[in-house]
J.: 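Structure in structure tokens, see below.
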Amino acid sequence: MTAKRRTAVLISGRGSNMVALAEASADPRYPAEIVLVLSNRPDAAGLATAAARGIPTIAIDHRPFGRDRAAHEAAVDAALRAHGVEIVCLAGYLRLLSPFLVSRWSGRMLNIHPSLLPDYKGLHTHERVLAAGETRHGCTVHLVTEDLDSGPILAQADVPVLPGDTPEGLSARVLEAEHALYPRALAALASGPLPSAPPAP
Ligand code: GRF
């Protein structure tokens with residue numbers, strides 16, 4: 001089989017989607033491997049989880065960079081290149097990305113969002129879905145573009161909203177669907193041709 005695509009997962013918190021991707025990639029037939037878990041928060045729980053699985057981790061704290069988003073992203077980009085990364089998966093990475101990073105990884109950067117996009121972009125999706133009285137909810141994996149939660153959709157999974165659902169219960173049901181969906185979407189991307197790799201800036 002051809003070499004597995006070298007994949008980084010960017011996180012800011014617990015990293016349960018990162019674990020789902022790492023577990024899937026442990027299968028020798030899976031077309032991607034997780035070679036780096038990177039966080040903008042040194043205290044992200046997912047960093048310790050990844051390290052315990054033997055996955056290289058890096059924290060690049062955004063706070064010392066202040067308002068210099070470009071400098072933080074340049075450091076992130078350099079770390080990705082230093083690890084020979086081919087595909088980037090955002091998984092609970094709570095930073096808005098500038099056109100610099102997005103354009104460099106165009107067609108190679110995925111995000112998972114807890115709603116059936118294009119509905120419910122942004123934060124607090126479970127609360128908003130319940131407040132609107134929806135009967136269906138779910139999650140989406142999409143390519144990252146400059147507009148938040150708006151890139152081409154690669155895969156979706158839907159879950160029912162049940163009578164009496166709380167945001168927590170609904171979130172847990174969606175998260176379970178996320179853990180199945182994200183590895184499928186990454187496998188599909190990693191199995192095909194990718195746009196040319198970003199050159200050193
Ligand atoms: C997930 O719900 C994901 O869809 C959203 O942030 C959450 C991250 O959870 N973007 P985890 O860190 O993967 O557990």
Side-chain angles (χ1 to χ4, degrees), residues 7-26 32 34-53 55-62 76 87-97 101-102 105 108-131 134 136-161 165-189:
T7 301
V9 187
L10 270 52
I11 64 170
S12 298
R14 78 191 147 183
S16 69
N17 277 289
M18 175 275 295
V19 170
L21 293 171
E23 284 179 350
S25 68
I34 310 305
V35 297
L36 178 67
V37 173
L38 185 153
S39 179
N40 65 309
R41 298 196 62 102
D43 60 349
L47 283 178
T49 309
R53 303 182 75 94
I55 302 171
T57 62
I58 301 183
I60 303 179
D61 194 341
H62 62 278
V76 170
I87 294 175
V88 177
C89 291
L90 306 182
Y93 186 65
L94 302 178
R95 295 282 294 168
L96 289 175
L97 301 183
L101 202 62
V102 170
W105 292 89
R108 292 169 170 260
M109 183 182 276
L110 309 179
N111 182 44
I112 188 155
H113 181 76
S115 81
L116 294 171
L117 291 173
D119 295 338
Y120 301 100
K121 297 174 182 174
L123 298 174
H124 309 301
T125 59
H126 311 301
E127 289 84 348
R128 287 157 56 210
V129 160
L130 287 173
E134 305 280 7
R136 287 172 66 248
H137 186 26
C139 49
T140 303
V141 176
H142 63 94
L143 288 170
V144 175
T145 57
E146 285 181 29
D147 296 322
L148 183 71
D149 301 329
S150 296
I153 291 171
L154 299 183
Q156 288 187 308
D158 62 294
V159 303
V161 179
D165 256 344
T166 60
E168 294 72 27
L170 184 55
S171 158
R173 194 175 310 122
V174 171
L175 194 64
E176 202 178 318
E178 292 182 35
H179 295 164
L181 186 71
Y182 213 171
R184 283 211 309 274
L186 173 60
L189 187 80

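Note that ligands are numbered from 1 as they come in the structure, with each ligand's atoms numbered from 1 the same way.
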J.: Does any N/O atom on I112 come nearer than 3.5 Å to any N/O atom on ligand 1?
T.: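 Yes: some nitrogen or oxygen of I112 is under 3.5 Å from one in ligand 1.
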J.: Should one rank G15, S171, P114 by closest heavy-atom distance to atom 12 (O) of ligand 1, which comes out on top?
T.: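 The residue whose heavy atom sits nearest atom 12 (O) of ligand 1 is G15.
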J.: Could you pull out all residues at least two apart from E134 that satisfy salt bridge (Lys or Arg N to Asp or Glu O under 4.0 Å)?
T.: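 E134 satisfies salt bridge (Lys or Arg N to Asp or Glu O under 4.0 Å) with no residue once adjacent residues are dropped.
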J.: L101 versus M109: any side-chain heavy-atom pair under 4.5 Å?
T.: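 Heavy-atom side-chain distance check passes, below 4.5 Å.
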J.: Would you say N111 has any N or O atom under 3.5 Å from an N or O of ligand 1, going by distance alone?
T.: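 No.
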J.: Can a donor-acceptor pair be found between the side chains of H126 and H137 at a distance below 3.5 Å?
T.: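 Yes - a donor-acceptor pair under 3.5 Å links their side chains.
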J.: Starting from atom 1 (C) of ligand 1, find the nearest protein heavy-atom neighbour and note its residue, name and distance.
T.: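 Answer for atom 1 (C) of ligand 1: E178 OE1, 3.1 Å.
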J.: Closest non-hydrogen protein atom to atom 8 (C) of ligand 1, residue and atom name please, with distance?
T.: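 The answer is G92 CA, 3.7 Å.
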J.: Partners of D165 by side-chain hydrogen bond (donor to acceptor under 3.5 Å, both in side chains), sequence neighbours excluded?
T.: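 Counting only residues at least two positions away or on another chain, D165 forms a side-chain hydrogen bond (donor to acceptor under 3.5 Å, both in side chains) with R173.
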J.: Is the shortest side-chain heavy-atom distance between L175 and S16 below 4.5 Å?
T.: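 Heavy-atom side-chain distance check passes, below 4.5 Å.
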J.: Can you report which non-hydrogen protein atom sits closest to atom 9 (O) of ligand 1, along with the distance?
T.: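 Answer, as residue, atom name and distance: R14 NH2, 3.3 Å.
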